[in-house]
Amino acid sequence: MPRLCPIEKTRNIGIIAHIDAGKTTVSERILFYTGLSHKIGEVHNGEAIMDWMVQERERGITITSAATTCKWGDNWINIIDTPGHIDFTVEVQRSLRVLDGAVVVFDGVAGVEPQSETVWRQADKFNIPRICFINKMDRMGADFDQSFQSILDKLSPNAVAVQIPIGKESNLEGVVDIIKMKALYFEGDFGEQVREAEIPENLKEQAAAVRKRTLEKIAAEDESLLEKFLAEEEIKEEEWVKVLRSATLKYNLVPVFCGSALKNKGVQPLLNAVIQYLPNPTEVPPVKGVDPKTGAAMERKADDNEPFAALVFKVAADPYVGTLSYFRVYSGTLNKSSYVWNPVSGERERVGRMLRMHSNTRKEIEEVFAGDIAAVVGLKNSSTGHTLCDESKPIVLEEITFPEPVISIRIEPKTKDDQEKLFTALNRLADEDPTFRQKEDLETGETIISGMGELHLDVLVDRMKREFNVEANVGRPQVAYKETICQEAAAEGKYIRQSGGRGQYGHVLLRLEPKERGEGFEFVNAIKGGVIPQEFIPAVEKGVKEAMDKGVVAGYPMIDLTVTLYDGSFHDVDSSEIAFKIAASQCFQEAAKKATAIILEPIMKSEVVIPSEFFGDVIGDLNRRRGIIEKTNDRVNLKVIDTKIPLAEMFGYATSLRSLTQGRGTFTMEFDHYDKVPENIAQEIIDGKRS
């Protein structure tokens, strides 16, 4: 089976944004204009093709990232439409890991919003070139200049405007192409006919001023172009595009476009920009990895002739075909019915059916090539972040790291029949979603599930009922508190048992040191001279980790500390792994108590948007909830309050905000960091008076 198109004409892009900026509407228009769909699906009608889950159509938001492939001219574009809600940030993170470029969508009224910043930083982490699309320019209060300035101020001073709107709000007529200096109008029933015309007289001065600033920034990226520009020589459009493309690929410049996807204005030029300014797979650095046997650094180029290497970035349960593993091919080719090696699980996997996905529909394919994104059915031992490669030339690609859950609920099956189904459902959902965790409370026997927010867990519980027919009782949401230590401390742990015949002997000395927030756990083996044999060291680490899971203050997991095993002893006959594990666990608990253990709580970054007249009441309520007000801004007739606030104080806040603002206030929040719980509240948590 031949390639769909040369690799140079392939684009792998993601559409990312804050919730409700219009990502899915942009995706739907792209599908329509590229001929992949013959009817525009609207999010507000629950008919969006890319929002295919029942839960997405009911709520009008994207929950799971959807992949599709479409053709624009003689180019093929693999698109992943990602969620905007912070509870589903895992979908954005794993999608960005395998994409080469991104279209960042902004609301023309709000400009840069909190989740816009989060997805931008995630794209920064993966060094992804991007272009911006200021959407909803037809809305009341939409302001291109203000939105563009918010991108410059909050995200990147390297943004350059390559379009400006013609008309404002409901009078939006089209856009001005700043490089061509032409007006573009979108005619026909669905804006499918793009008409080029002269710029309206009333916009010529503004367009010239914007063009001067834009071309100055582009010219600064290339010496020969700068010389021509300063000498006021004639410069062709192709030269500007070539230098802007080069600067965009290096992330030195970020082109900004505008329009209204809902009103079918500005999407075709955006598609042209994806081809003109975003990279093909050969234009991004070769993917890096390590040799699983030696640990030596390796890389693979985007070339069909290189050894096969791919990364599984998503696992999904499909009711019709079973487990689907989405993967990105970085190098080489793969035929169906062949075998691949998973160096992470150490298993050989058979590739049965391979599919090219279009949202939740699929097309069978025989072969995939470097740069492709596809799905394979029925991998048994491959999870999100695992590498698939050529068994004779193995490589382990860098895994994807995911944030820790911040909220938990208790769940129990309603009947004996539901018990088995519940555990099957939980395991399937945990396979799909790396930010979803489950564990059993050993004291009560209840199952506790944890996730990124109330909506995240609400959707998962809803999926259990609908997809797995599980009826369950669900408890109130609980904050995922953590514990840590404030100072260095050491302790000695001995476990000695004699019971006639062979006994048990384990003896360790541990030193605990605090680390900065977010640095995680580190175990250091500082044993010298074989005072503890090497085979018992893993047992010591296991004992420490088990003790950390239980904590020492209120039973919450411990984080952000270094544990050093620096001394101990063993017995030739009586020492065993279990003895060292118990000794280490007891020693850790004693040392943690000496090291002044404290409780930490998740602090959320929140943006509250309210009409000005309710400002005083809302500020007072946030202060009562232990919120720290960072800044306030004006947005049209609204007040925007940026605050850091404990998650424990935000349960039920949506209802409170509605009653304080006559139903006109909105808020968003996302996890920011863990911080120490005040003494009086810590005591309530210890006494079980707070959840």
### Message
Looking at Glu201 and Lys204, is any side-chain nitrogen of the basic one under 4.0 Å from a carboxylate oxygen of the acidic one?
### Response
yes

### Query
Would the number of heavy atoms belonging to other residues, nucleotides or ligands and lying under 6.0 Å from NZ of Lys217 be above 12?
yes

### Query
Around atom CD1 of Ile628, are there more than 12 heavy atoms of other residues, nucleotides or ligands at under 6.0 Å?
no

### Message
Under 6.0 Å from the ring centre and within 45 degrees of the ring axis: does the NZ or CZ of Arg328 meet both conditions for the six-membered ring of Tyr330?
### Response
yes

### Task
Look at the aromatic rings of Phe257 and Tyr277 and report parallel, tilted or perpendicular, splitting at 30° and 60°.
tilted

### Task
Please check if the distance between the ring centroids of Tyr653 and Phe667 is under 6.0 Å.
yes

### Message
So that I can tick it off, tell me whether Lys182 and Asp177 are bridged by a salt bridge, with the cut-off set at under 4.0 angstrom between side-chain N and carboxylate O.
### Response
no

### Query
Side chains of Asn12 and Ile373: does their closest heavy-atom pair fall under 4.5 Å?
yes

### Heavy-atom closest pair, residues Pro279 and Arg11
O-CD, 3.3 Å

### Task
Determine, for Glu221 against Lys250, whether the closest basic-nitrogen to carboxylate-oxygen distance falls under 4.0 angstrom.
no

### Query
Which class fits the ring pair Trp120 and Tyr251: parallel under 30°, tilted 30 to 60°, perpendicular over 60°?
tilted

### Query
For atom CD of Glu233, is the number of surrounding heavy atoms from other residues, nucleotides or ligands below 6.0 Å larger than 12?
yes

### Query
Between Lys644 and Asp675, is there a salt bridge with N-O shorter than 4.0 Å?
no

### Query
Is Lys228 salt-bridged to Glu239, going by a charged N under 4.0 Å from an acidic O?
yes

### More than 12 heavy atoms of other groups within 6.0 Å of Glu398 CD
no

### Message
I'd like to know whether the aromatic ring centres of Phe106 and Phe133 sit less than 6.0 Å apart in this structure.
### Response
no

### Query
Is Lys265 close enough and on-axis enough to Phe186, meaning under 6.0 Å and within 45°, for cation-pi?
no

### Query
Heavy atoms, side chains only, cut-off 4.5 Å: are Leu172 and Lys263 in contact?
no

### Task
Before accepting this row, confirm whether a basic side-chain N of the pair Asp100/Arg130 lies closer than 4.0 Å to the acidic partner's carboxylate O.
no

### Message
Could you go through Lys212 and Glu216, starting from their C-alpha distance and side-chain angles, then the distance that decides it, and tell me whether this counts as salt bridge (charged side-chain N to carboxylate O under 4.0 Å, His left out)?
### Response
CA-CA 6 Å; Lys212 185 171 181 290; Glu216 278 176 0; 3.0 Å; yes

